[in-house]
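Reading through the structure tokens given below for one structure.
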Amino acid sequence: MSYRAWFAAQDDAEERYPLTDVVYYSRSGGLLEVQHDMAELRTRSASEWKQLFEQRWMRTRWPYGSGVWGKKEWVCPTVADENVVSMFEGGTNLFWAERLGRELGVDDLWIKLCGNSHTGSFKDLGMTVLISVVKQMIADGKPIRAVACASTGDTSAALAAYGAAAGIPTIVFLPKGKVSTAQLVQPIAHGALVLALDTDFDGCMKVVRAVTSDVENGIYLANSLNSLRIEGQKTVGIEICQQFDWEVPDWIVIPGGNLGNTAALGKGMQMMYELGLIDRLPRIVCAQAENANPLYRAYRTGFTEYTPIQAQNTAASAIQIGDPVSINRAIRILQQFDGIVEQASEQELADASALADRTGAYTCPHTGVALAATMKLVRNGTIKRSDRVIVVSTAHGLKFSRFKVDYHEHMLREVSSSYANPPVELPPDIDAVRRVIEERMELGVQ
Ligand SMILES: *Cc1c(COP(=O)(O)O)cnc(C)c1O
């Protein structure tokens, strides 16, 4: 069976390009979307698709054991298997946040640990698709010399790792001093050309767009305005349903910056719905940092007005974006999913992250934003106690050790650390140690 997909313009059904063309915008200047031949996909029934996805799930047959490539027909059917560049991304575990849920007042709260992935964030889901298509293009004789991206840290880590695995040169543009040490060292270690620019993410984005605008130059753009990334990222929602035996949760909460992932989450859900694998849609919550909240501001106007902003510093550095590339497609998805946009202050995101850590999770600040948004919606009665809620955890907490250390040492800006647990410094004196232990035991579990 031959499944097909292509780039399509939003406003002109006739305007199409192969996925291996170097093209990012339609003639009218809008972003392209990947479209699939849905008629062909419908020739398999919903239960046949489920069965196929189950058979492949986490198995060893290349490349179908990957959570992304196990759904290859839905993601990128046009890449030859031998050109797939995969590190078995996806298939990340769901953490039943039972104790945290009890504290918040939700019985069925889960955290999808997308950070338990090769480069420590959910950006691997999209990057495997983009780099695989690039490998296909090179195999087809296209003159691609390097792949480039602007990044708040995680995209560049993923690009550099997948590029290195495939032997494709990579160039990353980072806002100087605005990414964590762990994020900075990843592309360095993978041999990328790392350009630290004295600007913010939006400034880096402008530079990379300029550098990749000349198609003849052979530098291919890896940011999520390139819709190939969306195709991989969209598997997160499909996986969540699969992990619940194809039951649809009531809510999925996801942190948003450039907003490609909010759009992708919805796209995966829609595809399942259209092909009959699920019979209803969840509600989507996009959570933004108050210091970088252009979508939240637009939401407050009922999406009638949108203005890019200058993003302020936030501990949730991966979503410190004031002019999101995927604003339009994210708004479209939120409207279709009865969506909500919520925001979290630095205080709220840091405390939410710390509170979750106390119940055994280990959350990055962006996950803290999503958790803080969830708490607000529980408190105001929007999310009900019996609802099933999935919080998408987008990066591994270990990538943000500075954030955690600063929190527990009361060193975070704009934050008074309600749940700080600094180490107790003592002389090696048995009585003093016993006293401290007894004091703590009286307080009970923290
Ligand atoms: C990229 C990223 C996000 C946000 O995704 P967007 O598509 O930019 O909205 C959230 N959290 C982390 C850790 C990320 O790396």
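Atoms within a ligand are numbered from 1 in the order they appear, just like the ligands themselves. All residue numbers in this chain count up from 1 along the given sequence.
- Partner Ser393 forms a side-chain hydrogen bond (donor to acceptor under 3.5 Å, both in side chains) with one of Thr363, Thr92, Thr367 and no other, that one being Thr367.
- Taking 4.0 Å as the cut-off, Ser224 does not count as a neighbour of ligand 1 on heavy-atom distance.
- Every atom of ligand 1 is numbered from 1 in the order shown, and the set under 4.0 Å from a heavy atom of Gly256 is 9 (O).
- Nearest non-hydrogen protein atom to atom 8 (O) of ligand 1 is Asn258 N, 2.9 Å.
- Regarding atom 7 (O) of ligand 1, its nearest protein heavy-atom neighbour is Asn261 ND2, 2.7 Å.
- A cation-pi arrangement, defined by a distance under 6.0 Å to the six-membered ring centre and an angle within 45 degrees of its axis, is absent between Arg358 and Tyr419.
- Contacts between Ile319 and ligand 1, counted as non-hydrogen atom pairs separated by less than 4.0 Å, involve the side chain only.
- Just one residue in the list Tyr220, Phe7, Tyr17 forms a ring-ring contact (aromatic ring centres under 6.0 Å, His included) with Tyr24, and that residue is Tyr220.
- Here the side chain of His408 pairs a donor or acceptor atom with the backbone of Asn421 at under 3.5 angstrom.
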Check the pair Arg27 / Asp11 against salt bridge (Lys or Arg N to Asp or Glu O under 4.0 Å), numbers first and verdict last. CA-CA 10 Å; Arg27 280 192 289 268; Asp11 48 3; over 6 Å; no
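- Only side-chain heavy atoms of Asp154 come within less than 4.0 Å of ligand 1; its backbone N, CA, C and O stay farther off.
- Those atoms of ligand 1 that come under 4.0 Å of a heavy atom in Thr394, given as number and element, are 10 (C), 11 (N), 12 (C), 13 (C).
- When each of Trp69, Tyr3, Phe53 is tested with Trp74 by the rule ring-ring contact (aromatic ring centres under 6.0 Å, His included), just one qualifies, namely Phe53.
- Distance alone, capped at 3.5 Å, places no donor-acceptor pair between the Glu239 side chain and the Gly90 backbone.
- Residue Ala395 has no nitrogen or oxygen atom sitting less than 3.5 Å from a nitrogen or oxygen atom of ligand 1, judged on distance alone.
- Of all atoms in ligand 1, numbered sequentially from 1 with element shown, those under 4.0 Å from a heavy atom of Ala318 are 12 (C), 13 (C), 14 (C), 15 (O).
- Proximity of Lys123 to ligand 1, defined as any heavy-atom pair under 4.0 Å, is confined to the side chain (atoms from C-beta onward).
- Less than 4.0 angstrom separates some heavy atom of His366 from each of these atoms of ligand 1: 11 (N), 13 (C).
- Of all heavy-atom pairs between Gln310 and Gln312, the closest is O-NE2, 3.0 Å.
- Between Gly260 and ligand 1, an N or O atom pair is found at a separation short of 3.5 Å.
- Residues Arg329 and Leu32 come closest through the heavy atom pair NH1-O, 3.6 Å.
- Residue-ligand proximity: Thr262 is placed with every non-hydrogen atom at 4.0 Å or more from ligand 1.
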